[in-house]
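Nothing here was measured: the structure is a model prediction, and the numbers come from that model. The sequence lines fix the lettering, A, B, ..., with proteins before strands; numbering per chain opens at 1.
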Amino acid sequence: VVSSTEMLYAYGGARKLEAAKKLFDSMPEQDLVSATAMLTAYATNGHLEGAEMIFLNSMPFHDIVSSTAILSLYAQTSNVVKAWDLYQSMPVYNLATDTSMLAAYTMNGHLDEAKTMFFDMPQRDLVSSTALLAAFAEAGNAKQAETIFKEMPERDLVASTAMLTAYAQAGQLDLAEDIFNSLPDKNLVVSSAMLSAYTQHRQLEHAKKIFDEMPEKNLVCRNAMLNAYAQNGHLEEAAKMFHSMPEHDTFSYTAMLSVCSQAGNIDHAKNLFDQMPRHNVHSWGAMLAIYTQTGHSAHAFDAFYTMKALEP
RNA sequence: GGAGGAAUAUAACU
């Protein structure tokens, strides 16, 4: 059971959900630990139904680790109410549990609840502090983010990235650059954050330089570069970027819809929209912009109401 | 042997 669980964990981390499922189903005995590893594999892939099924049907009982695993998934998938209900029902808490509940707030724009949660927690550490810092960052509150950052006894790359984003959101590009330049080791995430900071401040050349110097690239940083072109009016470069990407997600498509909107190309937009794997408020919002701007008011109303219905 | 934090997209509002 132990070695199979290690394998399960590895499959989960490698996003090999099918392989994980197969292995889990073939295990002669499943225990709470292996079931939690399977739950986490679903969670890593954003698969809420699968994770809930494991949680409800494949666990002899729930401990703090298994409950925290699904709590974290509720946070990621914007299920704040489910997260709170589960959290309430738990007999004991620890730092990871509290931080997951905190993340349910910070990841979904509930800044006031996040603050209350954070200061009511019996313990705080680098991880929980970074969660709140990121919430301040998103709210454009660099001052409060800075307070948290400076009070941290130790900082890591994750915390520094959150602080960089806080400065960028607040329009303090120079301070964001200071953080970036002070880092001895950079990764894909912090470089993407800096890239987007340059995009936001209309410094396309700097954004491109960061992108070109990145030793590894993934979907997120390619989307970020696509948006650097799109948001700075370089429509042809944006299209070229889009077509050169090995894969696309809803972020890539929505960025391209915005390119079509700027180019006034409604037919291409419709094509892209139909190709999208999923539609959400962002894709409908982009279509709304296109319809509004081209005077297709009936379609615009459709898009508007569809969007409203999708809103959480 | 299993759980928590950072980067990318949308009309309007702020």
Remember a base hit wins even if backbone is also touched, and classify [X] as base, sugar-phosphate or nothing at under 4.0 Å, heavy atoms.
X	value
A/Met307	base
A/Gln200	nothing
A/Ala228	nothing
A/Thr165	sugar-phosphate
A/Ser34	base
A/Leu95	base
A/Ala162	sugar-phosphate

Does the base of [N] carry an N or O that pairs as donor and acceptor with the side chain of [X] under 3.5 Å?
X	N	answer
A/Asp156	B/G5	yes
A/Ser100	B/G4	no
A/Asn280	B/A9	yes
A/Asn94	B/G4	no
A/Asn218	B/A7	yes

Spacing of [X] atom [atom1] relative to [N] atom [atom2], expressed in whole Å:
X	N	atom1	atom2	value
A/Leu257	B/U10	CG	C1'	9 Å
A/Leu71	B/G5	CG	P	10 Å
A/Met214	B/A7	CE	P	14 Å
A/Tyr42	B/G2	OH	P	20 Å
A/Leu32	B/G2	CG	P	13 Å
A/Ile179	B/A6	CD1	P	16 Å
A/Lys217	B/U8	NZ	P	18 Å
A/Phe24	B/G1	CZ	P	19 Å

Out of [options], which has the shortest distance to the side chain of [X]?
X	options	answer
A/Ser72	B/U8, B/G1, B/G4	B/G4
A/Val2	B/G1, B/A6, B/A3	B/G1
A/Val220	B/U10, B/G5, B/U8	B/U8
A/Val189	B/A9, B/A3, B/A6	B/A6
A/Ser196	B/A7, B/G5, B/A3	B/A7
A/Thr99	B/A7, B/A6, B/G4	B/G4
A/Ala69	B/A11, B/A9, B/A3	B/A3
A/Asp63	B/A6, B/A11, B/G2	B/G2
A/Ser128	B/G4, B/A7, B/G5	B/G4
A/Ala286	B/G2, B/A7, B/U10	B/U10

- Exercise: do A/Tyr167 and A/Glu146 side chains pair donor with acceptor under 3.5 Å: yes

Value for CD1 (A/Ile148) from CG (A/Leu133), rounded to nearest 0.5 Å, stands at 6.0 Å

Taking CD in A/Gln88 as the centre, count heavy atoms belonging to other residues, nucleotides or ligands within less than 6.0 Å. Is the count above 12? yes

Is a side-chain N or O of A/Thr199 found less than 3.5 angstrom from the main chain of A/Leu195, in a donor-acceptor match?
yes

Does A/Lys21 come within less than 4.0 Å of A/Glu18, counting only side-chain N to carboxylate O?
-> yes

Q) Between A/Arg124 and A/Glu151, is the closest basic N to carboxylate O distance under 4.0 Å? A) no

